[in-house]
Amino acid sequence: MVKVLVGCVGTMLYVVWAADPTRVADGTLVAMAIQIASFVACVHIAGGKSRTMLRIGSPIAWILAMCVLYFIYPSVLWCLGASFMWAGYVTPERATTLFLLHGLFMVSMTCAYAAVSRGLPTLPVAVAAPKTRTAVLLFSVPMLAVMLQRLLIGGTLLPADSYGASWAAASRGVIEARAVGGIQYVLAQVMSKLDMYGQIIQGVGAALLLSRAIATRRNRAVTLLGVACVYALTYFLSIGGRSPILISGIIALSLTDRLVGPIRWGLLLPIAAAALAAFGPLAVYRTHTEPSLAERLKATVREYSETRGDDSIGEFGPMLGKEALALDLCDSTDFTDRLYILRSVSGVVPSQLLPDKMHWLSTGDTLSVVLLGERAVRRSNAGVAGSVIADGYRTGGFWGIGLLGAMEGVLVGLVCRRLAGSPWNSGLGFFRAALVAALCSMSFLVIRSGIGELLAYMVWYVAAPLLAALACGPLFRRTRRMRPTRQVATVNRDVIVYE
């Protein structure tokens with residue numbers, strides 16, 4: 001906690017010293033200080049009664065980490081004069097308002113989460129870890145599936161189309177299935193939800209490999225390098241989506257912390273720095289369709305070196321511009337919708353039961369039309385991610401953001417508490433730990449998507465697997481329990497037993 005406080009104070013002092021005078025209005029730096037102080041308070045509150053640093057396996061820790069990336073990081077760089085996409089919508093006055101809204105959301109979300117999950121017991125895990133070859137198989141399943149699909153369909157390992165073309169083709173397939181209706185549309189809906197199960201399996205496999213290496217203190221560097229190489233190969237063979245790798249990686253780190261942690265946050269800094277550094281080049285890589293991997297990498301390096309100066313904040317800066325645009329739309333048009341949160345929640349209902357929802361425009365849809373143009377959105381199914389600040393402000397201004405933050409905090413807290421509460425089945429300890437890790441991987445949805453999409457992810461990837469596991473309860477009850485051996489890692493009542 002002291003390190004977080006020192007880092008935040010140092011960041012604020014640097015902003016005051018190096019701020020661009022053209023971007024600082026009356027009260028801008030004060031609002032920036034309030035935003036950073038709100039983050040420090042959230043870390044303190046979420047730490048619980050012990051006031052210790054949050055563990056990596058905690059969902060609220062990942063949500064606050066995403067708040068740093070999407071709220072504080074672009075805010076700091078904007079004050080320092082950095083350029084980013086759609087920066088023209090951000091004025092000093094708008095920036096002042098947005099900084100305060102960021103702080104309000106973080107505080108309301110964290111307080112609601114802490115109120116629901118306070119006193120949450122450490123999740124007990126006591127399972128016999130699978131053999132190494134089983135963990136390797138789980139970790140390699142998504143990559144092997146992609147390789148097999150490429151060879152059967154196109155006869156090549158690399159995707160033939162760019163990420164944009166592949167995404168547009170998938171969107172057109174769903175639209176065509178919806179027009180046909182019936183069982184074809186149902187299958188299209190189900191298939192669109194199954195991809196993330198491969199990411200969850202891959203993350204669990206990576207966690208088992210990392211946990212075994214940490215607990216046995218053997219081949220740590222080799223295991224970490226192997227995991228990184230498989231993730232890189234999975235990305236190069238895929239259509240270019242970065243979120244699947246991010247989701248699987250968060251699951252791996254969170255579950256590893258639950259099994260053999262706590263893992264120090266300082267150990268993640270090199271991993272986080274490498275991931276952030278690769279985020280921009282990977283976005284460029286997925287636009288190339290050269291026949292060989294070497295040619296694509298060379299073209300990526302050449303293009304990124306020529307264009308990286310145009311956007312010094314990369315992925316996270318545009319969020320500030322989208323938030324400023326949303327506030328402008330609310331103040332100047334009829335963009336405000338008091339029932340928007342309720343409509344967003346109803347998005348989890350299938351369109352067959354609620355056909356009217358197909359005519360509702362989400363905040364992301366509206367921002368896409370304004371920023372990219374209606375023609376681009378309709379012809380290529382292009383779009384931008386949503387914004388929790390835009391959703392809340394659209395619903396009720398400052399109060400809407402506080403309400404939305406509290407709703408999401410309660411939702412995440414209740415799910416986490418239910419997963420880690422009284423054990424319904426002693427054989428489900430590891431399975432519930434994996435679902436908590438999957439919940440951690442949804443942290444970026446809290447910032448980038450509406451509450452309806454977050455709820456849909458929880459239904460498909462937490463509730464559905466849990467209900468299926470409970471239905472197969474007798475299978476878990478017959479799981480063989482092993483007595484601890486010398487190779488046992490026990491931290492905070494979390495136990496993993498190795499063969």
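It should be emphasised that the depicted structure is a prediction, and the values quoted were computed from it without experimental measurement.
The distance from the CG atom of Leu411 to the CE atom of Met458 is 4.0 Å, given to the nearest 0.5 Å. Here CD1 of Ile247 is found 8.5 Å from OH of Tyr461. Values are rounded to the nearest 0.5 Å. Residue Ile447 holds its CD1 atom at 4.0 Å from SG of Cys67, rounded to the nearest 0.5 Å. With values rounded to the nearest 0.5 angstrom, Glu408 atom CD is found 8.0 Å from Asp391 atom CG. One distance of note links CZ of Arg212 with CG of Leu259; it measures 11.5 Å at 0.5 Å rounding. Taking OG1 from Thr110 and CD1 from Ile63, the interatomic distance works out to 8.0 Å, rounded to the nearest 0.5 Å.
Shortest non-hydrogen contact noted between Asp257 and Gly57 is OD2-N, 3.0 Å. Residue Tyr231 comes nearest to Ser248 through the heavy atom pair OH-OG, 2.7 Å, listed as atom of the first residue, atom of the second, then distance. When all heavy atoms are compared, the tightest approach of Ala252 to Ala207 is O-CB, 3.5 Å. Here the shortest heavy-atom pairing between Met196 and Ser441 reads CE-OG, 3.7 Å. The minimum heavy-atom distance linking Glu323 with Ser387 is given by the pair CG-OG, 3.4 Å. Residues Leu210 and Val227 come closest through the heavy atom pair CD2-CG2, 4.3 Å.
Between Ile245 and Thr234 the shortest side-chain heavy-atom distance falls below 4.5 Å. Side-chain contact between Tyr113 and Pro59 is present, with at least one heavy-atom pair separated by less than 4.5 Å. Side-chain contact between Gln202 and Ile251 is absent, with no heavy-atom pair separated by less than 4.5 Å. At a threshold of 4.5 Å between non-hydrogen side-chain atoms, the residues Met442 and Ile250 do not count as touching. Residues Val204 and Leu255 form a side-chain contact, since some pair of their non-hydrogen atoms from C-beta on lies under 4.5 Å apart. No side-chain heavy atom of Ile389 sits under 4.5 Å from any side-chain heavy atom of Lys322. Side chains of Leu320 and His102 form a contact here, defined as non-hydrogen atoms less than 4.5 Å apart.
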- request: Could you walk me through whether Val301 and Leu297 pass side-chain contact (heavy atoms from CB on, under 4.5 Å), step by step?
  value: CA-CA 6 Å; Val301 172; Leu297 292 176; 5.5 Å; no
task: For Leu69 and Met319, run side-chain contact (heavy atoms from CB on, under 4.5 Å): C-alpha distance rounded to whole Å, both residues' side-chain angles, the deciding distance at 0.1 Å, then the answer.
output: CA-CA 10 Å; Leu69 292 177; Met319 180 63 72; over 6 Å; no
query: Run the side-chain contact (heavy atoms from CB on, under 4.5 Å) check on Ile263 and Leu253 step by step: do they pass?
result: CA-CA 9 Å; Ile263 300 175; Leu253 294 173; 5.7 Å; no
field: Criterion side-chain contact (heavy atoms from CB on, under 4.5 Å) on Leu445 and Glu453, from CA distance to verdict
entry: CA-CA 8 Å; Leu445 294 176; Glu453 187 171 351; 4.0 Å; yes
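Checking side-chain atoms of Ser108 against main-chain N and O of Phe105 turns up a donor-acceptor pair under 3.5 Å.
Applying the side chain to side chain contact (heavy atoms under 4.5 Å, CB included) test between Trp62 and each of Val446, Leu439, Ile56 identifies Ile56 as the sole match.
When ring centroids are compared, Phe444 and Tyr70 stay outside the 6.0 Å threshold.
Note: Tyr235 and Tyr285 have tilted aromatic rings, judged against thresholds of 30 and 60 degrees for the angle between ring planes.
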